[in-house]
Number of protein chains: 2
Amino acid sequence: MSAKTDKMVTVPKAVINRLPMYHRFLYQLLLEGKEKISSQELSQLMRITSSQLRQDLSYFGEFGQQGYGYRVETLYQAISGILGLEKQYTAVIVGAGNIGRAIVNYPGFSRRGLKITGIFDNNPKNIGSQVGNLTVMDVEHLADFLKKYPVQIGIVSTPVQAAQKVAYILMKSGVRGIWNFAPIMLEKNGDVVVEDIHLGDSLLTLFYRLNEKEGKN
Amino acid sequence: MSAKTDKMVTVPKAVINRLPMYHRFLYQLLLEGKEKISSQELSQLMRITSSQLRQDLSYFGEFGQQGYGYRVETLYQAISGILGLEKQYTAVIVGAGNIGRAIVNYPGFSRRGLKITGIFDNNPKNIGSQVGNLTVMDVEHLADFLKKYPVQIGIVSTPVQAAQKVAYILMKSGVRGIWNFAPIMLEKNGDVVVEDIHLGDSLLTLFYRLNEKEGKN
DNA sequence: TAGATTGTTAATCGATTAACAATC
DNA sequence: TAGATTGTTAATCGATTAACAATC
């Protein structure tokens, strides 16, 4: 039994952000057929400290065995459960450009339980075209579609100018989370969860780090 | 004159990661024609504290004026300079799937100084096809191409299985930074800078946060 | 059992915030 | 000048690491 869970300690953000990484490494180890691993060994693979690994896990329970380590399968299942990967998540994509298409076509997302039920765009050139096994719909029909077929997640992959308007429609239509690829800090209404991917920010960070390094040489 | 720069305080990672956000907001304000802004007002827009904003800027110099605030134009130029946006950055993309295409076609990246000189793939179906004004080349020719036309940045948008091998070729060919979209922790050789975009990790974080919220209701 | 390794507590380190003297 | 707001120091908060008793 977990000491932490009944004490209701809130899980630090930094820990939450590492959970997918744990999942990724454990999945890899599972594929490799590894049966057990110590915090020491796993942390070396992940380039973190074994203290951090054990501390992180302790927020969710006790998954190892003293003197032995962790069973890879068990820990993998535990992390999957913590992340909620046993569930299915329904989503629509707004913006049928390359990013939207990439998300539909990347098999990793559906494997993780993301089910995309519709893709929308406002460009007549895109509307009606095929993306995977979906047909791009006119964004004019987004609200109607969601009324008929509600989803949990809205994926915003429009140009920045359209993003906020689209986000409001999604929120009004009852999505509980938004996965946002537009370079904008979305205004929320209600208690929707917004998870941002800012590609441009990442690129600029890379630029900075390149120059930083240069300075040193 | 900056007190911090001559004392050579190293800039915290957390600060570096916020620089692109400052840049983004200031660019927006510039477009809106705003001339001056106080740390108070800007921090409210960005949903951070004004203390943090001033503290962050202080790592790089003094950009404001007591009793007045900051000139938007001046601060924008300063942040641009800190990020190294006056320079051009050359890059090749390996992996001509949707992510690779999105990067070539997104105008924001070239506006920020990213110049993509080549795109490569190993799939005969993609090789020879047009992406923007580039023709997809066979990844077999990657090393040769880079010998002739060196670049600073390698963008890895291949499937995970190919990513490490591609990264080694890039590093061997002298790239100084890698922008990695594959869900893998790349092994480095030499002192290359690796900046990761893990879409899958972001999605899993969204899942977790959706469930977390559910628990509370 | 003896050795290994967990889970957890306490210490350290880093990041954020509050407060205010300096100053425009 | 008087009011406003910066830049910076010090206090607080949160995250990481070290250390070790518990225990398999």
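Only this structure's heavy atoms are used, side chains among them; waters, hydrogens and symmetry mates stay out. So that the names make sense, note that chain A is the first sequence line, chain B the second, and so on, each numbered from 1.
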Between A:Pro12 and A:Tyr68, whichever has its closest DNA chain D nucleotide further toward 5' is A:Pro12
Practice item. May I ask you to evaluate whether B:Arg71 reaches the phosphate of D:dT5, defined as a side-chain N or O under 4.0 Å from OP1 or OP2? Key: no
| message | For C:dG7 and A:Tyr70 - does any side-chain N or O of the residue sit under 4.0 Å from the phosphate oxygens OP1/OP2? | response | yes
- Would you say B:Ser51 reaches C:dA18's phosphate, i.e. side-chain N/O to OP1/OP2 under 4.0 Å? no
In whole angstroms, the gap separating P of D:dT6 from CG of B:Leu42 amounts to 10 Å
Between CG of A:Leu75 and P of C:dT5 the distance, given in whole Å, is 16 Å
A side-chain contact here means heavy atoms from C-beta on lying under 4.5 Å apart; do B:Asp201 and B:Asp196 qualify? no
- Quick one: does A:Gln55 reach the base of C:dT8 with a side-chain donor-acceptor pair under 3.5 Å? no
The nucleotide from C:dG7, C:dT6, D:dT5 with an atom nearest the side chain of B:Lys36 is D:dT5
Between CZ of B:Phe60 and P of D:dT8 the distance, given in whole Å, is 14 Å
Taken to the nearest whole Å, NZ/B:Lys13 to C1'/C:dA15 is 12 Å
Any side-chain heavy-atom pair of A:Tyr89 and B:Asn211 under 4.5 Å:
yes
If pairing means Watson-Crick or G-U wobble with both distances under 3.5 Å, then the partner of C:dT16 is D:dA11
When rounded to whole Å, the CG to C1' distance for the pair B:Leu53 and C:dT17 reads 13 Å
To the nearest angstrom, the CD-P distance between A:Glu62 and D:dT23 comes to 10 Å
Separation of C:dT9 atom C1' from A:Tyr59 atom OH, nearest Å, is 12 Å
Open item on the list: Please tell me if A:Arg54 has a side-chain N or O lying less than 4.0 Å from either OP1 or OP2 of C:dT9.
Closed with: no
Of the candidates D:dT16, C:dA15, D:dT6, the side chain of B:Ser39 sits closest to D:dT6
- Query: Can you tell me if the side-chain N/O atoms of A:Thr49 get under 4.0 Å from OP1 or OP2 in D:dT17?
  - Reply: yes
The reported gap from CG in B:Leu170 to CD1 in B:Ile155 (rounded to nearest 0.5 angstrom) is 10.0 Å
Any strand, both distances under 3.5 Å, Watson-Crick or G-U wobble: D:dA21 pairs with C:dT6
| query | Does A:Gln65 put a side-chain nitrogen or oxygen below 4.0 Å from OP1 or OP2 of D:dC24? | reply | no
**Asked** Are any of the side-chain heavy atoms of B:Tyr76 and B:Leu29 separated by less than 4.5 Å?
**Response** no
Side chain B:Arg209, main chain A:Val194, donor-acceptor under 3.5 Å:
yes
Here the distance between atom P of D:dT16 and atom CG of A:Asn17, to the nearest Å, is 10 Å
CD1 (B:Ile82) and CD (B:Gln77) are apart, to the nearest 0.5 Å, by 11.5 Å
Of A:Gln66 and B:Gly67, the one whose nearest nucleotide on DNA chain D sits closer to the 5' end is B:Gly67
